[in-house]
Amino acid sequence: MTYIRSGYDITILKPMTKRPLLNKWTDTTLKIGDIESHGTFPEDYNIGIKLGFASRGIVDVDLDCDAAVWLGAWLLNTGTRVFGRDDNPASHYLYRVHNPRSTLRFKHPVSNEMIVELRGNGSQTVLPESIYEDGSLLRFEEYSLPEPLETDWETLERQSGLIAAGAVLSEFWNEGSRHALALALGGWAAHKRIDQGTFTRLIEAVAGYMNDDDVADRVDCIRDSYTDLATGNKVAWKDDLERTIDHKIMAAISKWLMVNADPESISATRQPKKLSSMMSDLQSGEDFCEHIGDKVIFCDDEEQFYHRRNDVYEPASLASVKGTVIDYVKSFDVDVTNFEEVRKLKSTQSIARINAIVDV
């Protein structure tokens, strides 16, 4: 079969189901002859892919509701292997990652219904040409690529969280209150220091899904909230938001977007920053020097770093200086839906780049 030749670790499933036919399917690697001995595909069995390390890092973003499917097309990188069926198209996105983990499930905080699954190690997904339980045929989308896009687990986790957050927020996107809600959400996101571009894209996606007739206004609300907070002006969010969305729901959204439940002050080295357009070692080192100022210095004569603490310079170990640089490179915010920005961030946070910054 083509799947096996492509390196997919295949398991057989009961016909018209997603239930494995073999008891020890996770521990059994099948060859083409093993599969064909079970009859004719797909009449006698379905086939699934064992995800994660078993199939060289292939994972599946499974979109489980209409809102998630729509938002996925907006917030995921669609240049990958995508499939679904006629009444639920583009509901599965396959990617290849070097660090697959156990499956993550994003469930509605009130109804407990599944919104998104990021399926990895220990899970399997039914593959196209199999027959779904309602008799429909799974098939790849016309724009699907023949191979999954290479990315990383952390990016997919963030994107899945955005989709789950958007699906829940769409339930509150009611006509007549959208302007006020966008302002409150913008204030909430600005206080939590969520990357403005990422959050703006999320709100654009929600507004698009809900057929909002004034998306530009919602984007302006986000921009104005971030600007007002940065300039010290009053920003609406808490009271306005709590009148509309229960705290339990916002706590779940905070978790999905990987931010604290309540806004808090962030130290200077943790302030969100934008990636430099220059990605050379020299530029990165110069940017760090500009950022840190005279808080860290290097004495050429002694070949020794010093930290300034309460206006007194104290000797600093190389390890502690690297720790300061690590805090710096971890503080960058990028639009996680922008594949190029994520690629640059990974380069900036590499050990080689951290060492280069210290050298510069």
For the pair R101 and E154, find out whether any cationic side-chain nitrogen is under 4.0 Å from an anionic carboxylate oxygen. yes

Taking the side chain as every heavy atom from C-beta outward, state whether L149 and N77 have any atom pair closer than 4.5 Å. yes

May I ask you to check whether over 12 heavy atoms, not counting those of E43, lie within 6.0 Å of atom CD? yes

What are the two closest heavy atoms between W173 and A207, and how far apart are they? NE1-CA, 3.9 Å

Centroid-centroid under 6.0 Å between Y313 and H307 rings: no

Looking at D34, I'd like to know if its CG atom is crowded, meaning that more than 12 non-hydrogen atoms belonging to other residues, nucleotides or ligands lie closer than 6.0 Å. yes

Before giving the answer on salt bridge (charged side-chain N to carboxylate O under 4.0 Å, His left out), spell out for K346 and D152 the whole-Å C-alpha distance, their side-chain angles and the decisive distance to 0.1 Å. CA-CA 10 Å; K346 289 171 64 178; D152 59 82; 3.7 Å; yes

Is R96 salt-bridged to E147, cutoff N-O under 4.0 Å? yes

Tell me whether I351 shares a hydrophobic cluster with L282, the cluster being built from Ile, Leu, Val, Met, Phe, Trp, Tyr side chains joined at under 4.5 Å. no

Is there a donor-acceptor pair closer than 3.5 Å between any side-chain N or O of R85 and the backbone N or O of L137? no

Test salt bridge (charged side-chain N to carboxylate O under 4.0 Å, His left out) on E36 and K31; report intermediate values, then the result. CA-CA 9 Å; E36 292 176 343; K31 297 180 180 179; over 6 Å; no

Rounded to the nearest 0.5 Å, how far does CH2 of W25 lie from NZ of K50? 7.5 Å

Begin with the C-alpha distance, continue with both residues' side-chain angles, and end with the deciding distance and a verdict on side-chain contact (heavy atoms from CB on, under 4.5 Å) for T80 and T151. CA-CA 10 Å; T80 189; T151 181; over 6 Å; no

Verify whether one side chain among H179 and D217 offers a donor that lies under 3.5 Å from an acceptor in the other. yes

Under a 3.5 Å threshold, yes or no: a donor from one side chain and an acceptor from the other, between T200 and R223? no

Does any N or O in the side chain of T198 come within less than 3.5 Å of the main-chain N or O of I194, such that one atom is a donor and the other an acceptor? no

Looking at side-chain heavy atoms only, is the closest gap between R218 and D212 below 4.5 Å? yes

Test side-chain contact (heavy atoms from CB on, under 4.5 Å) applied to V219 and I203, step by step: CA-CA 7 Å; V219 172; I203 296 305; 6.0 Å; no

Under the criterion salt bridge (charged side-chain N to carboxylate O under 4.0 Å, His left out), I'd like the reasoning laid out for R353 against D281: C-alpha separation, chi angles, the key distance, then a yes or no. CA-CA 6 Å; R353 182 58 58 82; D281 291 346; 2.8 Å; yes

If only side-chain N and O atoms count, and only distance matters, is there a donor-acceptor pair under 3.5 Å linking H108 with E171? yes

Treating S144 as the side-chain partner and F140 as the backbone partner, does any N or O pair qualify as donor plus acceptor under 3.5 Å? no

So V59 and L94, do their side chains get closer than 4.5 Å, heavy atoms only? no

Considering only heavy atoms from C-beta outward, does the side chain of N46 approach that of K14 to under 4.5 Å? no

Enter the distance from Y95:OH to L118:CG here, rounded to the nearest 0.5 Å. 10.0 Å

Residue pair F41 / I47, side-chain heavy-atom distance below 4.5 Å: yes

Test of understanding: clusters of I, L, V, M, F, W, Y form through side-chain heavy atoms closer than 4.5 Å, transitively. Do L181 and L183 belong to the same one? no

Less than 4.5 Å apart, side chain to side chain, heavy atoms only: is that true for T28 and T11? no

Check the orientation of F288 and Y328. Use parallel for under 30°, tilted for 30 to 60°, and perpendicular for over 60°. perpendicular

May I ask whether Y226 and L229 are part of the same hydrophobic cluster, defined by side-chain heavy atoms of I, L, V, M, F, W, Y residues being less than 4.5 angstrom apart, directly or through others? no

Which of parallel (below 30°), tilted (30 to 60°) and perpendicular (above 60°) describes H92 and F83? parallel

Does atom CG of N23 have more than 12 heavy-atom neighbours from other groups under 6.0 Å away? no

Under 4.5 Å between any side-chain heavy atoms of L162 and F199, yes or no? no

Would you check if V321 and F298 make a side-chain contact, meaning some heavy-atom pair closer than 4.5 Å? no

